[in-house]
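Scroll down for the structure; my scribbles are underneath it.
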Protein chains: 2
Amino acid sequence: MRLTTRGRYAVTAMLDLALHGADGPISLADISQRQEISLSYLEQLFAKLRQNELVSSVRGPGGGYRLARSGESINVAEIIDAVNESIDATSCSGKGNCQSGGVCLTHHLWDDLSQQIHRFLSGISLDSLVHQQEVRLVVLRQAEESEIS
Amino acid sequence: MRLTTRGRYAVTAMLDLALHGADGPISLADISQRQEISLSYLEQLFAKLRQNELVSSVRGPGGGYRLARSGESINVAEIIDAVNESIDATSCSGKGNCQSGGVCLTHHLWDDLSQQIHRFLSGISLDSLVHQQEVRLVVLRQAEESEIS
DNA sequence: TTAAAACCTACTAAATAAGTATGTTATTTA
DNA sequence: TAAATAACATACTTATTTAGTAGGTTTTAA
């Protein structure tokens with residue numbers, strides 16, 4: 001199972017879109033600066049997010065990305081899925097052929113765990129994050145930091 | 001966050017101990033054969049499990065490993081912790097310094113997720129696995145396989 | 001026409017995981 | 001007492017993945 005910088009970056013960037021994308025598209029350069037993520041790496045992530053129709057793009061000056069759907073209808077699990085293959089804790093990708101064609105001793109456990117994680121993450125929408133106290137505080141700090149620089 | 005073959009092997013091997021260790025220590029060679037895990041790799045994992053006092057060892061012929069405590073009192077989370085550093089989904093290892101000294105936009109989310117996973121896995125004891133229908137079926141199959149070979 | 005931005009592809013470096021190899025040491029048993 | 005067994009220890013190799021870099025092209029607004 002992988003839950004690594006890639007998935008974290010994707011969710012962070014999508015949340016940035018949800019927070020700042022109200023009036024017009026947001027450029028990756030902006031996100032890169034605010035969230036301190038390499039621009040080129042963001043481009044690779046957004047290629048996948050676009051393929052999965054989580055964002056839409058506007059090319060040319062003043063262009064950028066916006067959410068393809070409402071922040072209410074986009075959940076964290078599908079963002080991670082989009083860039084990260086999947087959140088699956090089994091060794092057999094859920095196929096159940098982990099040991100000599102059958103399941104291994106702990107297959108059921110990892111399957112359970114995967115479901116738990118998926119249930120948890122799919123219950124969290126971008127909108128719900130936007131309204132969290134903890135998130136709002138970070139947004140304020142990031143706004144101050146951008147004024148200074 | 002890492003939940004990979006290493007943690008899975010460790011839990012599988014510990015469960016094997018819980019299943020077969022009733023009368024005397026179990027050698028890693030046995031576990032290696034039943035669970036199809038490289039012996040040398042198992043030795044490395046058991047070094048950590050021993051350091052973390054989850055198993056105790058008996059050297060010499062007829063020796064092997066046994067659970068250091070009752071299967072009821074050992075849970076899956078601590079096994080993974082023992083071999084795997086930790087099940088932590090944040091990028092800052094929970095420290096909260098993920099962005100310029102403060103927390104990043106999604107820190108709280110990953111912290112929440114880590115707690116969820118930890119709560120789930122620490123609620124599962126080796127004993128509870130031993131009594132699961134899914135596990136018992138695999139044990140039967142593995143017993144048949146060892147007769148054949 | 002220029003600049004801004006998406007879009008695309010290939011490459012590199014670093015980290016980690018997984019596995020292999022080669023021993024040494026302790027202890028039981030014949 | 002010798003041989004076999006199994007833990008214990010360490011170093012090395014290989015493969016994979018991640019994270020990031022580099023160097024472009026295409027589109028489009030100003």
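All values below were derived from every heavy atom in this structure, side-chain atoms included, with hydrogens, water molecules and symmetry-related copies excluded. Here the structure is a predicted model, which is why all the values come from computation and not from measurement. Here is the naming used below: chain letters follow the sequence lines, and residue numbers restart at 1 for every chain.
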Taking atom CD of Q132(B) as the centre, does the number of heavy atoms from other residues, nucleotides or ligands within less than 6.0 Å exceed 12?
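Atom CD in Q132(B) is packed in, count exceeds 12.
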Heavy-atom contacts under 4.0 Å between residues 98-112 of chain B and DNA chain D, which residues?
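Listed by number, there are none.
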Applying side chain to side chain donor-acceptor pair (under 3.5 Å), name anything that partners E43(B), two or more places apart in sequence or on another chain.
none
Set of residues satisfying side chain to side chain donor-acceptor pair (under 3.5 Å) with respect to R59(A), sequence neighbours excluded:
none
What integer distance in Å separates [X]:[atom1] from [N]:[atom2]?
| X | N | atom1 | atom2 | result |
| --- | --- | --- | --- | --- |
| R8(A) | dT18(D) | CZ | C1' | 11 Å |
| R66(B) | dA6(D) | CZ | P | 14 Å |
| I37(A) | dT18(D) | CD1 | C1' | 15 Å |
| L42(A) | dA22(D) | CG | P | 16 Å |
| R6(A) | dT16(C) | CZ | P | 16 Å |
| Y41(B) | dT10(D) | OH | P | 18 Å |
| L45(B) | dA9(D) | CG | P | 15 Å |
| Q33(B) | dT5(D) | CD | C1' | 15 Å |

About how many Å separate CG of L45(B) and CZ of R6(B), when rounded to the nearest 0.5 Å?
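One gets 7.5 Å once the value is rounded to the nearest 0.5 Å.
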If only side-chain N and O atoms of [X] are considered, is one of them under 4.0 Å from the OP1 or OP2 phosphate oxygen of [N]?
| X | N | result |
| --- | --- | --- |
| T5(A) | dT18(D) | no |
| T4(B) | dA18(C) | yes |
| Y9(B) | dA17(C) | no |

Suppose we define a pair by two distances each less than 3.5 Å, Watson-Crick or G-U wobble; what does dA30(C) pair with here?
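Across all strands, the one nucleotide that pairs with dA30(C) is dT1(D).
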What pairs of residues pass the ring pair (Phe, Tyr, Trp, His ring centres under 6.0 Å) test when at least one of them lies in residues 29-56 of chain B, not counting sequence neighbours?
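Passing the test, one end in residues 29-56 of chain B: Y9(B)-Y41(B), F46(B)-Y65(B).
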Membership question, hydrophobic clusters at under 4.5 Å side-chain separation (ILVMFWY): are I79(B) and V130(B) in the same one?
yes
T106(A)-W110(A) side chain donor-acceptor pair, cut-off 3.5 Å:
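T106(A) vs W110(A): donor-acceptor pair found between side chains.
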Side chains of S100(B) and E145(A): any donor to acceptor distance under 3.5 Å?
yes
Scan for salt bridge (charged side-chain N to carboxylate O under 4.0 Å, His left out) pairs involving residues 94-118 of chain A, sequence neighbours excluded, and state none if there are none.
none
Which letter, B, S or -, goes with each nucleotide of nucleotides 6-15 of chain C from 5' to 3', with contact meaning a protein heavy atom under 4.0 Å?
BBB-B-----
